[in-house]
Amino acid sequence: MNMLNPDVPDDVFADVLKQVSHFVRSRVVPRELEIMNDDAIPADLRTQVAEMGLFGYAIPQEWGGLGLNLIQDVELAMELGYTTLSLRSMFGTNNGIAGQVLVGFGTEEQKAKWLPGMASGNIVASFALTEDGAGSNPAGLKTTATADGSGWVIDGSKRFITNAPSANMFVVFAKLDPKPERGNGIAVFLVPADSPGIEVGVKDAKMGQQGSGTADVSFTNVKVDADSLVGGNADIGYKAAMTSLARGRVHIAALSVGQAQRALDESVAHAAASTQGGEPIGNFQLVQAMIADQQVGVMAGRAMVRDAARAWVQDTDRRIAPSAVKLFCTEMVGEVADLAVQIHGGTGYMREVPVERIYRDVRLLRLYEGTSEIQRLIVGGGLIRAEQKRNS
């Protein structure tokens, strides 16, 4: 039994991990070009994902999920990261930044209403935080929520919202208007996607991660009931956002390790088989040096991810470690992907070669769940403030 997560024994989780690894490599990897070219996840793959319980792997068992903790989550994420990141994106918000808001801060009634459908895949939840001028820092939100009788009226617009085109429910962050005398005045609401006044824009055309859908979402005089306010508390939005994002940063770091491992494997296979002057390029010392740098990055990232996940579950570090691991691993995978293209030479620049897609896909990892610059501020500022507090 895993003492850090008594709900899911180690042997049961080992079976889950084995099934996911087999699914990724045998079912998804062969269809990566199809996913990229069609900019969509095939319906049969979505059905298999739902049947495997992946829409709710991090949702507690009492609500129909698998109930994996973050230690197990990152192991799963490293497997899911081995293929196109758009697959994970399809169910990532249900388990991650959207789902964890409900799991950590929702009322029992809210959990009962939404979590079972999210766990089964019948409900897709979308995390609506980012706006023009408010991305990594929610303090700049312009979307407002105004009290209206027993309910609320939401007005504003969101950008780059993952799964917006297919969402059934939006987890919407808004500033209270007027701002209360105490607190930061940021609340979070559970808003059905078919509510009058919601308009989802056209699907974004992105550099990479084809198959995942993002879009702008506008809220015009959208009326919601009092029970849509997460936790029934108008002052927990900022904490909910920060907690959910911090947990998500460890998950994103694990995905980065998975992608880096894939780029490394592609590099090694290419170097061992591709020849120049009749000799495998892998015999050349400069190519070996690039592969060595890739391997070092992957190994360091994997160890760091596991350490950060354990610190989260044990509640010994839920601020510095998530930002540090997200910073290191997302920057690391960018470097590993760049080396992979270099090792492939001109072949690596061709559109239908895996490392070309990886090179584009991983660029986003340094931006969402807080940019690398924000992570540096969190880590550096956090360490300085802790020292100053000790000396005061």
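Computed from heavy atoms alone, side chains included, the values below leave out hydrogens, waters and symmetry copies. Quick caveat, the model's predicted, so the values are computed rather than measured.
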Self-check item: Intermediate values then yes/no, salt bridge (Lys or Arg N to Asp or Glu O under 4.0 Å), Arg182 and Asp235
Solution: CA-CA 9 Å; Arg182 294 183 177 181; Asp235 195 38; over 6 Å; no
Quiz item: Around Tyr359, counting heavy atoms of other residues, nucleotides and ligands shown, do more than 12 lie under 6.0 Å from its OH?
Solution: no
Exercise. Output, in order, the C-alpha distance, side-chain angles, deciding distance and verdict of ring-ring contact (aromatic ring centres under 6.0 Å, His included) for Phe127 and Phe173.
Key: CA-CA 9 Å; Phe127 188 81; Phe173 292 82; 5.1 Å; yes
Practice problem: Using atom types as modelled and distance alone, determine if a side-chain donor or acceptor of Asn184 lies under 3.5 Å from a backbone N or O of Ile186. | Solution: yes
Exercise. Could you point out which residue of Ile154, Val222, Val200 forms a side-chain contact (heavy atoms from CB on, under 4.5 Å) with Phe170?
Key: Val200
Practice problem: Could you tell me whether the side chains of Gln294 and Ser267 share a donor-acceptor contact shorter than 3.5 Å? | Solution: yes
Quiz item: For atom OH of Tyr349, is the number of surrounding heavy atoms from other residues, nucleotides or ligands below 6.0 Å larger than 12?
Solution: no
Quiz item: Would you call the rings of His344 and His270 parallel, tilted or perpendicular if under 30° counts as parallel and over 60° as perpendicular?
Solution: parallel
Quiz item: Can you tell if the side chain of Arg363 reaches within under 4.5 Å of the side chain of Leu367, non-hydrogen atoms only?
Solution: yes
Quiz item: Between Lys142 and Asp132, is there a side-chain N and carboxylate O pair less than 4.0 Å apart?
Solution: no
Quiz item: Rounded to the nearest 0.5 Å, what separation is found between the CZ atom of Arg247 and the CG atom of Asn95?
Solution: 8.0 Å
Quiz item: Rounded to the nearest 0.5 Å, how far apart are OG of Ser274 and CD of Gln276?
Solution: 7.5 Å
Quiz item: Taking 4.0 angstrom as the limit, do Arg360 and Glu356 come out as a salt bridge?
Solution: yes
Quiz item: Using a distance-only test with no angle check, is there a side-chain donor-acceptor pair under 3.5 angstrom linking Glu387 and Asn391?
Solution: yes
Quiz item: Can any side-chain N or O of Thr243 pair as donor or acceptor with the backbone N or O of Ala240 at less than 3.5 Å?
Solution: no
Quiz item: Quick one: does Asn69's side chain have a donor or acceptor within less than 3.5 Å of a partner on Gln72's backbone?
Solution: yes
Quiz prompt | For Tyr368 against Lys326, the heavy-atom pair lying closest together | solution = O-NZ, 2.8 Å
Exercise. Report the C-alpha distance between Lys203 and Asp39 in whole Å, list the side-chain angles of each, state the deciding distance to 0.1 Å, and finish with yes or no for salt bridge (Lys or Arg N to Asp or Glu O under 4.0 Å).
Key: CA-CA 10 Å; Lys203 186 177 179 180; Asp39 194 13; 3.6 Å; yes
Self-check item: Least distance between heavy atoms, Gly297 atom then Phe328 atom
Solution: O-CE2, 4.2 Å
Quiz item: Under 3.5 Å, is there a donor-acceptor pair linking the side chains of Ser21 and Glu79?
Solution: yes
Quiz prompt | Donor-acceptor pair between Thr83 and Glu32 side chains, under 3.5 angstrom | solution = yes
Quiz item: Can you tell me how far the CD atom of Glu108 sits from the CG atom of Leu115, to the nearest 0.5 Å?
Solution: 9.5 Å
Quiz item: Any donor-acceptor pair under 3.5 Å linking the side chain of Gln288 with the backbone of Gly282?
Solution: yes
Quiz item: Under a single-linkage definition using a 4.5 Å side-chain heavy-atom cutoff for Ile, Leu, Val, Met, Phe, Trp and Tyr, are Trp114 and Trp152 assigned to the same hydrophobic cluster?
Solution: no
Quiz item: When you look at CE of Met350, are more than 12 heavy atoms from neighbouring residues, nucleotides or ligands closer to it than 6.0 Å?
Solution: yes
Self-check item: Minimum heavy-atom distance Leu129-Ile161, with the two atoms named
Solution: N-CD1, 4.1 Å
Self-check item: Heavy-atom check, side chain of Ile41 versus side chain of Ile35, under 4.5 Å
Solution: yes
Practice problem: Would you kindly say whether Gln210 and Arg357 are connected by a side-chain donor-acceptor distance under 3.5 Å? | Solution: no
Practice problem: Using a 4.5 Å cut-off on heavy atoms from C-beta on, say whether the side chain of Glu266 contacts that of Arg262. | Solution: yes
Quiz item: Under a 4.5 Å cut-off applied to non-hydrogen side-chain atoms, are Gln375 and Thr371 in contact?
Solution: no
Quiz item: Is there a side-chain contact between Gln259 and Tyr82, using heavy atoms and a 4.5 Å cut-off?
Solution: no
Quiz item: Which atoms form the tightest heavy-atom contact between Ala324 and Val379, and what is the distance?
Solution: N-CG2, 3.7 Å
Practice problem: Examine Leu190 and Ile97 and state if one hydrophobic cluster contains both, with Ile, Leu, Val, Met, Phe, Trp and Tyr joined whenever side-chain heavy atoms are less than 4.5 Å apart. | Solution: yes
Quiz item: Where is the tightest heavy-atom contact between Ile281 and Ile343, given as atom of each residue plus distance?
Solution: CD1-O, 3.5 Å
Practice problem: For residues Pro42 and Arg31, report the shortest heavy-atom separation together with the two atoms involved. | Solution: CB-NH2, 3.4 Å
Quiz prompt | Pairwise distance CD(Gln314) to OG1(Thr316) - rounded to 0.5 angstrom | solution = 5.5 Å
Quiz item: Side chains of Thr144 and Asp155: donor-acceptor distance under 3.5 Å anywhere?
Solution: no
Quiz prompt | Short side-chain donor-acceptor distance under 3.5 Å, Arg302 and Gln261 | solution = yes
Practice problem: Look at the side chain of Lys206 and the backbone N and O of Ser212, then say whether any donor-acceptor pair between them is shorter than 3.5 Å. | Solution: yes
Quiz item: Is Val101 reachable from Tyr238 through a run of hydrophobic residues whose side-chain heavy atoms are each under 4.5 Å from the next?
Solution: yes
Practice problem: For residues Leu45 and Gln48, determine if any side-chain heavy atom of one lies less than 4.5 Å from a side-chain heavy atom of the other. | Solution: yes
Quiz item: Knowing that exactly one of Val188, Val230, Asn233 qualifies, which makes a side-chain contact (heavy atoms from CB on, under 4.5 Å) with Phe105?
Solution: Val230
Quiz prompt | Same apolar cluster (I L V M F W Y, side chains within < 4.5 Å links), Leu141/Leu229 | solution = no
Quiz item: When the ring planes of Tyr57 and Phe91 are compared, do they come out parallel, tilted or perpendicular, using 30° and 60° as the limits?
Solution: perpendicular
Quiz item: Can you tell me if Thr143 and Glu131 form a side-chain donor-acceptor pair at under 3.5 Å?
Solution: yes
Self-check item: Main-chain N/O of Met118 paired with Asn94 side-chain donor or acceptor, under 3.5 Å
Solution: yes
Quiz item: Would you say Glu199 and Val217 make side-chain contact, with heavy atoms under 4.5 Å?
Solution: no
Quiz item: Could Arg366 and Glu331 be called an ion pair, given the rule that one side-chain N must be under 4.0 Å from one carboxylate O?
Solution: yes
Quiz prompt | Whether Thr107 side chain and Gln110 backbone form a donor-acceptor pair below 3.5 Å | solution = yes
Quiz item: Would you say the side chains of Asn163 and Ser126 form a donor-acceptor pair under 3.5 Å?
Solution: no
Quiz item: Between Asp361 and Met36, is any pair of side-chain heavy atoms under 4.5 Å apart?
Solution: no
